Undergrad: 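One structure, as structure tokens, below. Some questions next.
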2 protein chains.
Amino acid sequence: MTKPGQHVLSTLRQMIASGELQAGERVAEIPTAERLGVSRTPVRIAFRALEQEGLLEKLERRGYRVREVSAEEISGAVEVRGVLEGLAARQAAENGLSDEQRQGLRECLAQGDALFATGSITELDLEEYHSLNQRFHTLILEASKNPAIVSALSRNEHLPFASVNALAIDRNHLDQEYRRFNFAHMQHHAAFDAIDCGQGARAEAIMREHANATLRYADLFSQAPDNSIRVIGQDSENKTGK
Amino acid sequence: MTKPGQHVLSTLRQMIASGELQAGERVAEIPTAERLGVSRTPVRIAFRALEQEGLLEKLERRGYRVREVSAEEISGAVEVRGVLEGLAARQAAENGLSDEQRQGLRECLAQGDALFATGSITELDLEEYHSLNQRFHTLILEASKNPAIVSALSRNEHLPFASVNALAIDRNHLDQEYRRFNFAHMQHHAAFDAIDCGQGARAEAIMREHANATLRYADLFSQAPDNSIRVIGQDSENKTGK
DNA sequence: TCATAGCAGAATGGATCCAATTTGACGTCT
DNA sequence: AGACGTCAAATTGGATCCATTCTGCTATGA
């Protein structure tokens, strides 16, 4: 923990993503500070940042609340991600890839090929493919040489992805997940091909559609959010309907 | 000043946009706090926010520095704005406009028509058109019903727009500005027509190209030989090449 | 019995205090 | 003369303290 401030921020992010802080739950500075063993100052900073990221919403004079993300919001964010990564792919195609960028993308594709070669996939492989996927997308963003895309995306990075990534892997239907990720991987191949050939419009179209692959489609939207407002603290059993 | 914290933030933003804090200049918490007559706490919060907005960059253990925005960065941000507003226009076309949205957009167009009807334009008119323009764009973003677009855009709101909007009006060539804004206004008409007819793809294409109208094109990039963008203000004679 | 006023508790926002770390300079040694 | 080590100044980061304000309950009066 070389940077305690950043540590508080990422810890809270993780607590939200993991569901330790449930959607709709109220969070206050003092209990959170005590819980994490730090002072109120870094917590205050972190709350502001998390509000910016869309993970918290401010209740005037009553602290913050973990935002509930609706299905529409997620699909809207996915669409935003689609056009931005589409733009990135187009600009990457127009700029041309450097040798190391091409190399990095090819490695991602090859490692993915190896993963899917067996015809089945384990839970562990999914984790590995996930990091592979992240790397591929990051490389395309870099290749666009447009930092504004990253900025615009960083807002959505946690809102849809923290929710979707935690949710989107259905470990009870690994065969179904296999097909979904295999399809996404094929889109990666197509996107790389288009970028490497300098086909900007095609690369854009592929990446734009590809964003939808981060969803499990209708399957995703079946969770009922709890509308009750609770304050986190030591007495969480005291959350009776009051 | 009901919200001093917000006040500090917007004051600093204004100081950067107006050039009172020059690009590349270092800013520290204590002098800034004394200058604004507040404590270090709100300044610290504001610096974090300004860093997020891309107006400041952090120097490790040495405070912050006002970022210099390159021409490439601005054109990249404009392109991001283009695809996002294009997406908004398409979704607005797909969703259909509500009666009041249609009414609001038509009012913007009519007021713009009145402004341009005389065939010439004064500096005052430019200010008015500017607010008109803002309203039009905001209405389209609202009509998209996709808050993620606004989120993604808010990051870019200050970086390119604070610079470009202040920059982009060349008060010495109002006739040229007239033609430029007239063209932009025609694009507004076209965009509204496409949205109102439910032509999503056409609306998207128009708004996407329209983003470039926020630039003075090549003219913009010929003023700063060092690639840095300067803000025109009251003391524009002090812009010696240094 | 219901409504209103007042009071206590709680929570944020800002100010100040303390600690840790880095920068830059100065002096000395090789 | 140059380089290295040490020291002081400055600056951020975290912790604590005080003021303000909002909420919710309670008590009293109609």
Side-chain angles (χ1 to χ4, degrees), chain A residues 1-16 21-22 24-67 227-242, chain B residues 1-16 21-22 24-67:
Chain A
M1 50 178 75
T2 54
K3 289 183 178 182
Q6 294 297 319
H7 183 252
V8 168
L9 182 60
S10 55
T11 300
L12 286 173
R13 231 188 251 129
Q14 187 57 33
M15 287 169 72
I16 294 173
L21 264 48
Q22 289 191 352
E25 193 170 352
R26 269 188 59 199
V27 288
E29 287 181 4
I30 294 178
T32 307
E34 289 174 354
R35 190 169 173 177
L36 298 182
V38 294
S39 133
R40 276 180 55 210
T41 308
V43 174
R44 200 188 301 187
I45 304 262
F47 278 5
R48 299 282 187 302
L50 291 170
E51 185 195 8
Q52 282 294 312
E53 292 175 7
L55 290 174
L56 294 182
E57 64 183 339
K58 182 184 283 192
L59 307 175
E60 205 57 40
R61 284 280 169 192
R62 301 206 54 201
Y64 292 83
R65 177 170 53 187
V66 180
R67 274 196 51 201
N227 273 345
S228 67
I229 308 284
R230 273 168 286 110
V231 181
I232 64 168
Q234 299 76 356
D235 54 349
S236 42
E237 75 281 354
N238 196 9
K239 62 184 175 113
T240 62
K242 60 170 172 317
Chain B
M1 51 180 74
T2 54
K3 289 184 178 181
Q6 294 298 318
H7 183 252
V8 168
L9 182 59
S10 56
T11 301
L12 286 174
R13 232 189 249 127
Q14 186 58 31
M15 286 170 71
I16 294 172
L21 265 47
Q22 290 192 351
E25 190 173 351
R26 269 189 60 197
V27 289
E29 287 180 4
I30 294 178
T32 307
E34 288 174 354
R35 191 169 176 179
L36 299 182
V38 295
S39 136
R40 275 180 56 210
T41 307
V43 174
R44 201 188 299 188
I45 304 259
F47 278 5
R48 298 283 186 304
L50 291 169
E51 185 195 7
Q52 282 296 310
E53 291 175 8
L55 290 173
L56 294 183
E57 63 183 339
K58 182 183 285 193
L59 307 176
E60 205 57 37
R61 284 280 171 191
R62 301 205 53 200
Y64 291 83
R65 178 169 52 187
V66 180
R67 274 197 50 201

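Only heavy atoms go into these numbers, but all of them, side chains included; no hydrogens, no water, no symmetry mates. No experiment lies behind these values; they were computed from the predicted model shown.
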Undergrad: Heavy atoms only: give me the nearest Gln22(A)-Val66(A) pair and the separation to one decimal.
TA: O-CB, 3.4 Å
Undergrad: Please state how far atom CD in Glu29(B) lies from atom P in dG14(C), giving the value in whole angstrom units.
TA: 14 Å
Undergrad: Within the side chain of Arg13(B), is there an N or O that forms a donor-acceptor pair under 3.5 Å with the backbone of Leu55(B)?
TA: no
Undergrad: Let me know the distance between CD1 of Ile30(A) and C1' of dC18(D), rounded to the nearest Å.
TA: 13 Å
Undergrad: For the backbone of Arg62(B) and the side chain of Arg26(B), can you confirm whether one donor and one acceptor N or O come within less than 3.5 Å of each other?
TA: yes
Undergrad: Can you spot which of Arg40(B), Lys58(B), Arg35(B) makes a salt bridge (Lys or Arg N to Asp or Glu O under 4.0 Å) with Glu29(B)?
TA: Arg40(B)
Undergrad: Rounded to the nearest angstrom, tell me the gap between atom CG in Leu36(B) and atom C1' in dA15(C).
TA: 15 Å
Undergrad: For the residue pair Ser39(B) and Ala33(B), what are the closest heavy atoms and their distance?
TA: O-CB, 3.6 Å
Undergrad: Rounded to whole Å, how long is the line connecting atom CZ of Arg62(B) with atom P of dA9(D)?
TA: 17 Å
Undergrad: In whole angstrom, what separates Arg65(B)'s CZ from dT23(C)'s P?
TA: 13 Å
Undergrad: If I take atom NE2 in residue His7(A) and atom P in nucleotide dG14(D), what distance separates them, rounded to the nearest angstrom?
TA: 12 Å
Undergrad: Under 4.0 Å: is that the gap between some side-chain N or O of Ser39(A) and OP1 or OP2 of dG14(D)?
TA: no
Undergrad: Phosphate oxygens OP1/OP2 of dT11(D): is one of them under 4.0 Å from a side-chain N or O of Lys58(B)?
TA: no
Undergrad: With a non-hydrogen cut-off below 4.0 angstrom, is Arg40(B) in contact with a base, only sugar-phosphate, or nothing?
TA: base
Undergrad: Distance check needed: dT11(D) P versus Arg26(B) CZ, whole Å only.
TA: 6 Å
Undergrad: Within this structure, what is the CG-to-P distance between Leu59(A) and dT21(D), rounded to whole angstrom?
TA: 19 Å
Undergrad: Between the side-chain atoms of Arg44(B) and the base atoms of dG14(C), is any donor-acceptor pair under 3.5 Å?
TA: no
Undergrad: Assign each of Thr41(B) and Arg61(B) to its nearest nucleotide of DNA chain C by heavy atoms, then name whichever residue's nucleotide is nearer the 5' end.
TA: Thr41(B)
Undergrad: So if I take every side-chain heavy atom of Arg48(B) and compare against dT12(D), dG14(C), dG13(D), which nucleotide ends up nearest?
TA: dG13(D)
